[in-house]
Amino acid sequence: MTATAPAPAPSPGKTGGKADERLLRTSLLRKLLGRPELGAVVGALAVFVFFSFAADSFLRTASLSTVLYAASTIGIMAVPVALLMIGGEFDLSAGVLVTSSALTSSMVSYQLTANIWVGVLVSLLVTLAIGVFNGFLLTRAQLPSFIITLGTFLMLTGLNLGLTKLISGTVSTKSISDMEGFESARQVFASQITIGDVNFKITILWWLALVAVATWILLRTRAGNWIFAVGGNKDAARAVGVPVMKTKIGLYMGVAFAAWVSGQHLLFSFNEVQSGEGVGNELIYIIAAVIGGCLITGGYGSAIGSAFGAFIFGMTGKGIVYAEWDADWYKFFLGAMLLLATLLNHWVRKRAEATK
Amino acid sequence: MNGSEQAAEQNPQRDLQQDPRQGPQQDPQPAPEAGEPLVALDGVSKYYGNIRALEGVSLEVHAGEVTCVLGDNGAGKSTLIKIISGLHQHDAGTFSIEGDETRLSKPREALDRGIATVYQDLAVVPLMPVWRNFFLGSEPVKGVGPFKRLDVERMRETTRAELLRMGIDLRDVDQPIGTLSGGERQCVAIARAVYFGAKVLVLDEPTAALGVKQSGVVLKYVAAARDAGLGVVLITHNPHHAYLVGDRFILLKRGTMAGSHLKAEIGLDELTRQMAGGSELEELSHELERLGPA
Ligand SMILES: Nc1ncnc2c1ncn2[C@@H]1O[C@H](COP(=O)(O)OP(=O)(O)O)[C@@H](O)[C@H]1O
Ligand SMILES: [Mg+2]
């Protein structure tokens with residue numbers, strides 16, 4: 001408890017009319033600076049302005065739709081990964097879990113020659129079970145989530161490739177586009193919505209819905225209070241009766257649910273799944289959450305911030321293409337964004353605390 | 001991930017009894033017959049591996065009384081209260097709550113049985129706003145089904161009002177609790193315990209890090225809790241603080257009981273002398289005298 005602002009607080013005696021004089025410092029600016037997503041919003045604006053000048057085609061609505069699509073595929077996963085980080089944990093298996101989820105629905109439906117929805121539901125159960133496994137192992141073993149999920153990451157990577165080869169004979173799944181239920185599943189996970197003459201991918205809706213639900217949970221429910229608490233001070237949370245284990249398992253199930261949505265999107269937009277995909281994406285989700293203002297040590301952050309983080313990814317990835325630059329610059333750009341956003345977040349938090 | 005439902009399942013009893021909508025428990029508790037302590041430890045021992053942290057310690061906590069536990073650093077004071085608050089289990093002896101012999105397996109159980117603890121390493125989450133900390137673990141909700149949500153206005157209002165009752169006039173209950181002073185945080189933790197209707201309030205060295213004035217505020221609150229009919233366990237290594245509010249005094253020394261007194265039986269001087277180790281203190285003063293002129 002020594003890591004607090006050194007400001008000499010007023011004595012806890014009756015202060016009477018003195019409250020007004022202290023109120024002076026409570027300004028709107030301080031409120032704004034106190035928001036975790038501030039860095040990401042500023043960063044997103046900067047990137048947007050930059051590419052508006054650097055690439056002529058960047059400002060067209062069709063480009064906007066492409067950028068939003070790219071952002072949504074990252075953003076869907078960045079939301080639960082951000083919640084998990086606020087809860088004080090990581091999930092390195094999140095990237096390959098998306099692939100596992102897609103492989104499961106495809107192969108279950110194909111092997112059983114069943115309606116596609118059977119595979120999709122089995123996949124939901126399997127994916128959630130992996131989330132529960134991660135969370136349960138973590139809370140039982142009391143080991144850092146970095147180690148536990150590194151283990152599941154490696155195991156899933158191996159299983160994805162091994163099982164697919166064993167069952168399909170190749171590294172990708174068979175086409176399922178002529179199977180019963182494919183069309184309706186595609187409507188849900190991989191369709192397009194036309195507004196004016198521009199097509200928007202449905203993942204954008206999934207993304208916005210997830211951000212809204214996650215924000216509601218974080219700020220307005222008991223579970224949200226517990227997420228902040230288990231990430232901010234696990235022992236304190238336990239001491240006042242917060243169900244720490246349930247909260248953490250719930251967070252891993254959230255990641256699993258989003259991985260299921262992403263996996264189904266992959267499957268129904270490409271119809272076949274490459275079993276080696278997804279490796280490395282877990283870091284992209286984590287970076288989006290960190291750019292979005294999540295404290296890597298837990299206890300602080302927001303779901304909206306992660307959305308801006310994902311948006312920065314989308315704009316950078318596509319902006320570089322529109323500007324006709326070499327794609328190698330993408331990684332450099334993101335690294336710089338990560339550093340800048342983290343530094344800005346750090347500085348802002350220090351400022352916000354110093355003004356009290 | 002519907003938290004409110006999880007909580008309700010986990011803890012229906014408390015939610016029914018303690019629906020904070022009906023306001024905090026402010027009426028004095030009916031005093032139980034004398035001789036029926038709220039909490040009683042008898043010959044309790046606790047070992048951390050081969051470290052003997054406590055050996056044969058006994059104490060009683062009665063409604064409307066303050067039981068003080070005094071002892072030097074490392075005497076086992078925190079260990080003692082961690083048994084009462086459900087963080088640790090005792091290895092020998094008996095622990096009873098209102099006459100029932102018990103063994104608490106987690107803090108939630110202690111809370112449900114009316115024992116609230118303010119830990120030395122204060123149980124607050126520094127980055128969370130004051131009002132969220134105040135209600136952490138016992139958040140009031142409104143609405144039904146998936147729309148069940150925190151009753152934010154009431155949480156804010158109550159926090160402000162309860163802290164004002166303790167003489168803390170917060171300009172902003174939204175500020176992270178980590179930005180409050182030590183005394184203010186201590187008062188928030190105490191106010192929270194009292195608000196949720198504790199029968200027994202356990203305080204681990206609440207005045208250790210505080211200035212004179214803030215210590216006074218905390219001690220006043222301890223007296224107020226006692227007068228409201230709560231049983232209080234006050235841990236301290238300051239005999240002056242203990243003597244101001246205490247009714248019973250337990251002295252711990254390297255894990256064992258070095259004394260147990262009622263207030264009527266012992267004066268402040270004697271308490272201070274025993275606490276400081278009696279003859280050891282005299283020896284020390286001789287040593288210092290000899291060193292002095294050199
Ligand atoms: N979790 C633990 N594991 C091992 N030893 C402990 C643990 N907690 C406390 N101890 C030891 O038990 C003794 C009593 O500690 P404690 O109850 O914290 O003393 P106090 O609160 O009176 O200063 C000390 O010697 C301490 O080192
Ligand atoms: Mg102690």
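For clarity, every value in this text was computed on a predicted model and none was experimentally measured. Residue numbering restarts at 1 for every chain, and letters A, B, ... go by the order of the sequence lines.
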I'd like to know which of A/Ala229, A/Gly231, A/Gly224 tops the heavy-atom pair count under 4.5 Å against chain B. A/Ala229

What part of A/Asn225 lies closer than 4.5 angstrom to a heavy atom of chain B: side chain, backbone, both or neither? both

Which atoms of A/Ile249 come close to chain B, meaning under 4.5 Å heavy atom to heavy atom: side chain ones, backbone ones, both, or neither? neither

Establish, yes or no, whether a centroid distance under 6.0 Å links the rings of A/Phe257 and A/Trp260. yes

Criterion side-chain contact (heavy atoms from CB on, under 4.5 Å) on A/Val126 and A/Ser101, from CA distance to verdict: CA-CA 8 Å; A/Val126 170; A/Ser101 180; over 6 Å; no

Can you find a pair of side-chain heavy atoms, one from B/Asp112 and one from B/Arg108, that are under 4.5 Å apart? yes

Using the ring of each side chain (for Trp, its six-membered ring), is B/Phe196 parallel, tilted or perpendicular to B/Phe134, with breaks at 30° and 60°? tilted

